[in-house]
Number of protein chains: 2
Amino acid sequence: MDSENILERPFITITNLIWSFDHATNRVNILLVKRDNDPYNNYWALPETFMRAQESAEEAALRLVKEKIGMDLSGSHTEQLATFTNPLRTPGDRALSLGYMTFLPDKPQLKAGYGASDARWFTMGYTDKTYTFSDSDHIFQSTDCPVQRTYYSEFGGTNADPDKHLAFDHEWILKVACDRIRNKLDYQPNILLILGGKFTLKDARRVYSPFLKVRVEQIDNSNFKKSHQELFTDIGSSEVNGPGRPARLYKLAHLSA
Amino acid sequence: MDSENILERPFITITNLIWSFDHATNRVNILLVKRDNDPYNNYWALPETFMRAQESAEEAALRLVKEKIGMDLSGSHTEQLATFTNPLRTPGDRALSLGYMTFLPDKPQLKAGYGASDARWFTMGYTDKTYTFSDSDHIFQSTDCPVQRTYYSEFGGTNADPDKHLAFDHEWILKVACDRIRNKLDYQPNILLILGGKFTLKDARRVYSPFLKVRVEQIDNSNFKKSHQELFTDIGSSEVNGPGRPARLYKLAHLSA
DNA sequence: TTGATTTAAAGTACCTTTAACTTTTAATTA
DNA sequence: TAATTAAAAGTTAAAGGTACTTTAAATCAA
C-alpha cells in the first residue's frame, strides 16, 4: 500500500488523567507529576508512560496508576479519551499520545519517588473561560488551542515558565477531557465514580459544579435528585456532624461502562 | 521513566470509515475495500493506510480518501472515532489502529485500482442484534466482541471465510462507529453531512433509520421536524416526481464540528 | 426548654419538550 | 372530478425540566 520508507513508527505514550475527590475539601482533584527528564524537565505534566509490547493501552493506563501512586486498579474504570497526533506536539522524536481517564473511588496519599521528582493532587476549579487546577504553589489552566506554543525547554519561548504552564499539549488535553466529562454528565456521568461507595446529593453536585462552571448552590438539590433518581440508590442516612438536617446517603445504581 | 528495551514502536494504521448516501436507493453506504496483500489477503476491510512522518492522523485520514476513491476532501469533515490497541488485533507485527470517520457530501463512482483489488459501496441495514453492510454478493455484520476470533488467514479457523467476515477487528470497529453515530444523533448528528447541500425530511429520517434500527415510517415526520427545526433551514420546495405533495427541501444550518 | 439557625428533604406550580395521533394540503391518477 | 398518495401542519396528553416554597431534622444560644 504505502512504501516502507515513508512509514512512521513513532513512540506511543499513554497519558492518563487520574481523577479523585477529596472528602475533606469537597473538591475534585487531578493528579499531576513533576517531570525529571527532558523534554520539559521540571515542568508539571499529566502522568505518562510508554506502551510496552504485549499490553493493550488500557492495561498500560492501569499500570501507570500503580507506578505513580502505588494503587492497584485491576478491574476499575478506565476509559479512552482521545488520541493526540499532531507532529509538533513533542519536540524532537515524534510521539503519539493515547489519552485515557481513570476515576479513583478514593483519594490515596501520594508517596514520593514513583518515577517523577514530585507528584501532587491539584484541585479543580473554573474561570469564565477555562478550567483551573491548583495547589498551594501553582495554578494551571486548560487551553482552547491544541498546540498553543512551541516547546519552551527547547527554544526558550517568552512564556517558558514551568510554574505557569504544563508540559507538551497537556493544557489542551485537559480541555478535551473536561469538555468530554461535561458532555457525559447528562447521560453517563462516570465521573461520579470518584465519590466512592457512598455519598450525599451535595457531594454529587460538588462534582458537577466545576464542569458546569457554576457554584454548587446554583444546582437545585430537589431537581438534581429527581433527574438522577434511577441512577442513585438510597442507602440510609448519613452521620450527623454539624448543624442542619443530616443528608441521606446514596450509592451509584449501575453506571454502565 | 521506562527502560528502552521494553518500549514498543508499533506500526500505526489509520482506519477511515467513509460514509455516504445513495440518493437512488435512499440508503446509507460505507466504503469497503478488498485487500490484496497479507495479512487477510482477499478479505474485505475498512480502508486503511499507514501514517507518514510529518502528517497528523487527520491528514492521513483525508489522504486515504484521496487514494482510495480519488476524492479531494481538504476542509471536509473528518472526526476521530477511537483507537484500537489490543495486541492480538493483528497477526504478526503489532499495529495500532487510529479510527476516523469521514462523511462524504455525495457518493462518488468508484474507480478500480486505487491500491486494492476492489472497492465497493456497501448498503447499511440492521437486524435485531447487529448492523449489516451488504452488496449484491456479500453481507457483513458488526459484532459485539472486540477481537472475536483468531486470525483466519494465519491459523485457518473454522469460520475462515473471506466472504462472511471482514479483516482484523473491523466488524468490531463498525459496531463502535455505529453506536457512536447513534449516540450523537440526539445532539450532534454529523452523519447528516452525507446528505449534501439539500435534502428532504424523509431523507434525513432515512439516514437515522438504520442507526436507530427502526423503519423510516416509524420515525414520525412531524415530530422529527419539530425537534430539528433549528438544525434544518428551509430552502424551498422540491421538484415533483410522482404522486403526493412535494416535500420541502432543507439544508443543515450549522452543525459545529 | 424553647426558639432561632442551619441544612437538606419534600412538595408545588409552571413551562417546555416529547410522543402519538389527526387533519389539511398539494400533487398524481383513474 | 373524485380517489389516491405523500407530506405538511395541527392537536392533545404525558413526561421531564425549572424555579420556587414548605417541611423536617439536626445544632446552638439564651
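Chain A is the first sequence line, chain B the second, and so forth, proteins listed ahead of strands; every chain is numbered from 1.
Within the cation-pi definition used here (under 6.0 Å to the ring centroid, within 45° of the axis), B:Lys213 qualifies as a partner of B:Tyr131.
Going from atom CG of A:Asp186 over to atom P of C:dT17 covers 15 Å, rounded to whole Å. B:Leu231 places its CG atom 15 Å from the P atom of C:dT17, with the value rounded to the nearest Å. The separation between A:Arg205 atom CZ and C:dT7 atom P is 12 Å, rounded to whole Å. Distance CD (B:Glu230) to P (C:dT16): 15 Å, rounded to an integer number of Å. Atom CD of A:Glu217 and atom P of C:dT6 are 14 Å apart (whole Å). Separating the CG atom of A:Asn223 from the C1' atom of C:dT12 is a distance of 11 Å, rounded to the nearest angstrom. In this structure, the CZ atom of A:Phe224 is 19 Å from the C1' atom of C:dG11, given to the nearest Å.
In the set C:dA19, C:dA13, C:dA26, C:dA13 carries the atom at the smallest distance from any side-chain atom of A:Lys226. The side chain of A:Arg248 has C:dA9 as its nearest neighbour among C:dA27, C:dA9, C:dC21.
Counting any heavy atom pair closer than 4.0 Å across all strands shown, A:Lys202 reaches sugar-phosphate atoms only and no base atom. Across all strands shown, B:Lys225 has heavy atoms under 4.0 Å from sugar-phosphate atoms exclusively, and none from any base.
A salt bridge links A:Arg206 with A:Asp203: the closest approach of a Lys/Arg side-chain nitrogen to an acidic carboxylate oxygen falls below 4.0 angstrom. Salt-bridge formation is detected for the pair A:Lys107/A:Asp22: a Lys NZ or Arg NE/NH1/NH2 atom is positioned less than 4.0 Å from an Asp or Glu carboxylate oxygen.
Judged as a side-chain contact (heavy atoms from CB on, under 4.5 Å), and not counting sequence neighbours, the contacts of A:Lys225 are A:Leu201, A:Tyr250.
Within the 4.5 Å cutoff, the side chain of A:Leu174 has heavy atoms near those of the A:Leu166 side chain.
The span of DNA chain D lying next to chain B, judged by atoms under 4.0 Å from heavy atoms, is bounded 5' to 3' by D:dT5 to D:dT11.
Ring geometry for B:Phe103 against B:His77 counts as parallel: the plane angle stays under 30°, on a 0 to 90° scale with 60° as the upper cut. Below 30°, between 30° and 60°, or above 60°: for B:His228 and B:Tyr208 the angle between ring planes is above 60°, a perpendicular geometry.
If you find the closest nucleotide of DNA chain D to A:Asp220 and to A:Arg245, the one lying nearer the 5' end belongs to A:Asp220. Comparing B:Gly242 and B:Gln218 along DNA chain C, the residue whose closest nucleotide (by nearest heavy atom) sits nearer the 5' end is B:Gln218.
Between A:Asn221 and the phosphate of C:dA9, there is a side-chain N or O to OP1/OP2 separation shorter than 4.0 Å.
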